[in-house]
Number of protein chains: 2
Amino acid sequence: MQAEAVDLLFATLAHAGRRRMLDLVMAAPGMSVSALATHFEMSRIAVLKHVRALEVAELLITRKQGRTRRLYFNPVPIQLIHDRWTTKYSAFWAERMVDIQARVERRASGEEPKIA
Amino acid sequence: MQAEAVDLLFATLAHAGRRRMLDLVMAAPGMSVSALATHFEMSRIAVLKHVRALEVAELLITRKQGRTRRLYFNPVPIQLIHDRWTTKYSAFWAERMVDIQARVERRASGEEPKIA
DNA sequence: ATCATGTGTAACGTCTGGGTTACCTATGCA
DNA sequence: TGCATAGGTAACCCAGACGTTACACATGAT
């Protein structure tokens, strides 16, 4: 997975409304854009734009049936990013949280970083 | 964890340069901003701004020693988001990828969504 | 045919992110 | 003292994200 794809995924998920859209579509596969829009304050057009964004990031798959566009959640990109990051940070996550501060301090030899 | 915090985390991570900064600081805890900036094309000021952003998102912890600001990676926010999302999508991830298309089709009863 | 509904396009306004250059401050060191 | 270096602030520019309204098109039902 290229850096740009990761950029796109994170940027697309960095919006509470879009994440909620994923939740709603996940709960009701095949939902239409208008039905989805009823759950939000913003205009239908704004929702449509978000759907487009989610589609570009491949987080949603859409299929038009008659005059309605049916929406489906696609878990693959999140799965990929999840696997990638789990591996990347496994060295850190392997140790318990309480151990991290001590380890960083050991590495930095003489420093006292505050772990929030 | 509030939605805004998640927004902030995703938005902050949605930048290849910032993710690379995390990697670099992870590899060399206590690194200074100037040392970090040597790895990038952009100006030192731009790097500093990214460091500030990472600090606000609590992905970096900084501590000033003398005239240098020392940087440390903080894995906690990523750990939190990881746990949250693993739980959220565990129902999907429990099944193998090859099974997903069939399942979505079953749910949609009659639909033929294309899983890219 | 007609009408309501679901979708799509276009043009626009505003705000923020990400970058720059110029300049100032603070500290370590000879 | 004086200079080199690490950091910080301010003002600015540009592109893109996010939202709007107005309008057009397509289709299902009566």
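Computed over heavy atoms, backbone and side chain alike; hydrogens, waters and symmetry mates excluded. A note on names: the letters A, B, ... follow the listed sequences, proteins ahead of strands, and every chain is numbered from 1.
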Inset, instruction - Would you kindly compare Gly66(A) and Arg18(A) by the position of their nearest DNA chain D nucleotide and give the one closer to the 5′ end? - result: Arg18(A)
Inset, instruction - Measure from CG on Leu48(A) to P on dA10(C) and round the result to the nearest Å. - result: 13 Å
Inset, instruction - Look at the side chain of Arg67(B) and the base of dT5(D), then say whether one donor and one acceptor between them are separated by less than 3.5 Å. - result: yes
Inset, instruction - Using a cut-off of strictly less than 4.0 Å, decide whether Arg69(A) has a side-chain nitrogen or oxygen near OP1 or OP2 of dG8(C). - result: yes
Inset, instruction - Please report, rounded to the nearest Å, how far the C1' atom of dT5(C) is from the CD1 atom of Ile45(A). - result: 13 Å
Inset, instruction - Determine: side-chain N/O of His50(A) to OP1/OP2 of dG19(D), distance under 4.0 Å, yes or no. - result: yes
Legend entry - Spacing of Leu54(B) atom CG relative to dG18(C) atom P, expressed in whole Å: 10 Å
Inset, instruction - Calculate the interatomic distance between Lys64(A) atom NZ and dA26(D) atom P; express it in whole Å. - result: 9 Å
Inset, instruction - Kindly indicate whether the side chain of Arg44(A) and the base of dG6(C) share any N or O donor-acceptor pair separated by less than 3.5 Å? - result: no
Inset, instruction - Grab the CG-P distance between Asp7(A) and dA17(D) for me, whole Å please. - result: 12 Å
Inset, instruction - When you get a sec, tell me which of dG8(C), dG8(D), dG7(D) is the closest nucleotide to the side chain of Thr68(B)? - result: dG7(D)
Inset, instruction - Using only side-chain N and O atoms of Ser34(A), determine if any of them is under 4.0 Å from OP1 or OP2 of dT7(C). - result: yes
Inset, instruction - May I have the distance from Gln65(A) (atom CD) to dA26(D) (atom P), rounded to whole angstrom? - result: 18 Å
Inset, instruction - Please state whether the phosphate of dG19(C), meaning OP1 or OP2, lies under 4.0 angstrom from any side-chain nitrogen or oxygen of His15(B). - result: yes
Inset, instruction - Mind telling me whether His82(B) and His82(A) have parallel, tilted or perpendicular rings, with 30° and 60° as the class edges? - result: parallel
Inset, instruction - Measure the distance from CG on Leu36(B) to P on dT5(D) and round it to the nearest whole Å. - result: 19 Å
Inset, instruction - Flag this pair as yes if the NZ/CZ of Arg20(A) is under 6.0 angstrom from the six-membered ring centre of Phe40(A) and inside a 45 degree cone about the axis; otherwise no. - result: yes
Legend entry - Transitive ILVMFWY side-chain link Leu71(A) to Met42(A), under 4.5 Å: yes
Inset, instruction - Would you kindly check whether a donor in the side chain of Lys49(A) faces an acceptor in the base of dG19(D), or vice versa, at under 3.5 angstrom? - result: yes
Legend entry - Residue pair Leu13(A) / Trp85(B): nearest heavy atoms and the distance that separates them: CD2-CH2, 3.7 Å
Inset, instruction - Report the distance from atom CZ of Arg69(B) to atom CD of Glu55(B), rounding to the nearest 0.5 Å. - result: 6.0 Å
Inset, instruction - Figure out the CZ/C1' separation between Arg52(B) and dA6(D), and round it to whole Å. - result: 12 Å
